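Here the structure comes first, spelled out in structure tokens, and everything after it is commentary.
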Amino acid sequence: MITDGPTILLSGDFDVRSTMEVRTAIYERLEGHDEDVVVDLTEVTSIDLTALKVLAAATRQAARSGHHLTLRGCGPAVRRLLHLSHLIRVVEVERASASA
């Protein structure tokens, strides 16, 4: 995990073993910045439901404090699990920009 201002870059497996570290980083970004937070999942190789629930809870917390938490770089596996779990209704997924 690398933090770059309001952006948190995740790589490798994002699962129950890493959720506490990611949760802490997200909440620190929300408390320490006036900017919206972006969680970049481009380099995440696998994700589990516990990790997605952490992102959904952080999204709700961000909204309560007047901020947005956006997921960037969601691959097919992440999107599939978001839809299967219905958490796609809770989180905000950045739209991929079209290449010109």
Side-chain angles (χ1 to χ4, degrees):
M1 177 178 64
I2 300 170
T3 55
D4 180 15
T7 301
I8 300 169
L9 306 164
L10 303 180
S11 62
D13 297 334
F14 180 27
D15 56 24
V16 70
R17 295 171 302 212
S18 55
T19 53
M20 191 57 142
E21 181 183 4
V22 172
R23 180 186 179 281
T24 300
I26 291 171
Y27 283 82
E28 285 175 356
R29 298 276 100 47
L30 288 172
E31 292 173 11
H33 298 84
D34 287 333
E35 302 169 278
D36 293 335
V37 174
V38 174
V39 178
D40 191 328
L41 302 170
T42 305
E43 299 295 319
V44 169
T45 54
S46 69
I47 193 165
D48 70 7
L49 188 57
T50 303
L52 288 180
K53 286 181 178 180
V54 166
L55 296 175
T59 298
R60 286 189 213 103
Q61 180 61 35
R64 281 194 289 271
S65 64
H67 291 49
H68 285 91
L69 185 138
T70 305
L71 305 182
R72 175 181 293 158
C74 294
V78 173
R79 287 180 181 272
R80 185 170 37 257
L81 193 53
L82 282 170
H83 283 284
L84 288 171
S85 65
H86 301 288
L87 291 174
I88 194 72
R89 298 175 185 160
V90 178
V91 299
E92 184 174 328
V93 177
E94 183 178 81
R95 292 178 182 233
S97 58
S99 304

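These numbers were taken from a predicted model, which means no experiment stands behind them. For the single chain, residues carry numbers from 1 onward in sequence order.
For the atom pair NE2 of His83 and CZ of Arg89, the computed distance is 10.5 Å after rounding to the nearest 0.5 Å. To the nearest 0.5 Å, atoms CG (Asp15) and CG (Leu49) are separated by 12.0 Å. Distance check, rounded to the nearest 0.5 Å: CD1 of Ile8 to CG of Leu71 gives 10.5 Å. Residue Glu28 holds its CD atom at 10.5 Å from CZ of Arg23, rounded to the nearest 0.5 Å. Interatomic distance, CZ of Arg79 versus CD1 of Ile47, reported as 12.0 Å (0.5 Å rounding). In this structure, CG in Leu10 is found 7.5 Å from CG in Leu55, a value given to the nearest 0.5 Å.
Closest non-hydrogen pair, His68 versus Ala62, comes out as C-CB, 4.1 Å. The two residues Ser46 and Val44 have their closest heavy-atom pair at O-CG1, 3.2 Å. Nearest approach of His67 to Asp36, heavy atoms of both residues: CA-OD1, 3.5 Å.
Here the side chains of Asp13 and Thr45 are in contact, with some heavy-atom distance below 4.5 Å. The shortest distance between side-chain heavy atoms of Val78 and Phe14 does not fall below 4.5 Å.
In this structure, Leu69 is a member of the same hydrophobic cluster as Val90, with clusters built from ILVMFWY side-chain heavy atoms closer than 4.5 Å. Placement of Leu84 and Leu52 in two distinct hydrophobic clusters is found when ILVMFWY residues are connected by side-chain heavy-atom separations under 4.5 Å, directly or transitively. Under the 4.5 Å side-chain contact rule for hydrophobic residues, Val38 and Val54 do not share a cluster. Both Ile26 and Leu87 belong to a single network of hydrophobic side chains, linked directly or stepwise wherever heavy atoms of I, L, V, M, F, W or Y lie under 4.5 Å apart.
Asp48 places a side-chain N or O within 3.5 Å of a backbone atom of Val16 that can act as its donor or acceptor partner. Arg29 contributes no side-chain N or O that, together with a main-chain N or O of Pro6, makes up a donor-acceptor pair within less than 3.5 Å.
A side-chain contact (heavy atoms from CB on, under 4.5 Å) with Leu9 is found for one member of Val39, Ile2, Leu41, Thr42 and no other, namely Ile2.
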